[in-house]
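This is the structure, below, for whatever I ask next.
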Amino acid sequence: KIFGVHISDWRRPRAFGDRLLPGSGEIPLVSLLRSIRQYGYVGIYTLEIFSDLRLKDSLWANPRRTLVRGRDAFRKIWRRL
């Protein structure tokens with residue numbers, strides 16, 4: 001059973017503290033989320049943001065902008081399912 005789905009993306013090479021917003025990296029999110037949905041999951045999707053503030057492009061440098069962009073990125077992916 002799936003309890004919850006956390007959404008993020010990553011670049012290569014991977015590092016724990018430099019996740020990206022959905023659709024901005026290497027994870028095939030459309031096919032992954034399509035499969036999760038096809039198997040009957042109807043629960044919550046959570047934007048997961050691991051981003052080290054020491055990075056020049058840290059997602060936490062502007063939290064409000066990141067949340068808005070993250071929501072919009074998820075909607076864009078969801079429309080493709």
Subject >> Shortest non-hydrogen contact from Pro28 toward Ser31 >> reply: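 Closest pair (atom of Pro28, atom of Ser31, distance): O-OG, 3.1 Å.
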**OP:** Mark yes when over 12 heavy atoms from residues, nucleotides or ligands other than Ile44 sit less than 6.0 Å from its CD1; otherwise mark no.
**Re:**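 No, because the 6.0 Å sphere around CD1 of Ile44 holds 12 heavy atoms or fewer from other groups.
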Original post:
Given Tyr45 and Ile36, is the side-chain contact (heavy atoms from CB on, under 4.5 Å) satisfied, shown in steps?
Top reply: CA-CA 11 Å; Tyr45 293 81; Ile36 290 170; 4.1 Å; yes
Original post:
What's the shortest heavy-atom distance between Glu48 and Ser8, and which atoms?
Top reply: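 Nearest heavy atoms, Glu48 then Ser8: O-CB, 3.1 Å.
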Original post:
To the nearest 0.5 Å, what is the distance between CG (Leu55) and CH2 (Trp60)?
Top reply: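 Interatomic distance, Leu55 CG to Trp60 CH2, rounded to 0.5 Å: 13.5 Å.
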Subject >> Hphob cluster co-occupancy, Leu20 + Leu53, side-chain heavy atoms under 4.5 angstrom >> reply: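 No.
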Side-chain atoms of residues 64-81: list all donor-acceptor pairs with protein atoms under 3.5 Å, sequence neighbours left out, distances to 0.1 Å.
| residue | atom | partner | partner atom | Å |
| --- | --- | --- | --- | --- |
| Thr66 | OG1 | Leu59 | O | 2.4 |
| Thr66 | OG1 | Asn62 | O | 3.2 |

**OP:** State yes or no: do Trp10 and Leu32 share one hydrophobic cluster built from I, L, V, M, F, W and Y residues joined by side-chain heavy-atom distances below 4.5 Å, directly or via other members?
**Re:**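 Yes, because Trp10 and Leu32 connect within a single hydrophobic cluster, where side-chain heavy atoms sit under 4.5 Å apart.
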Original post:
When hydrophobic residues are tied together by side-chain contacts of less than 4.5 Å, even through go-betweens, does Val5 share a cluster with Val42?
Top reply: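 Val5 does not cluster with Val42.
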Original post:
Out of curiosity, Arg19 CZ to Leu47 CG, how far, rounded to the nearest 0.5 Å?
Top reply: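 It is 11.0 Å, given to the nearest 0.5 Å.
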**OP:** Name all residues meeting the side-chain hydrogen bond (donor to acceptor under 3.5 Å, both in side chains) criterion together with Ser58; count only those two or more places apart in sequence or in a different chain, and write none if there are none.
**Re:**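 Testing Ser58 for side-chain hydrogen bond (donor to acceptor under 3.5 Å, both in side chains), a comparison that skips the adjacent residues, returns Ser51.
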**OP:** Please report the shortest heavy-atom distance between Asp9 and Glu26, naming the atom on each side.
**Re:**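 Closest heavy-atom pair between Asp9 and Glu26: OD1-N, 3.1 Å.
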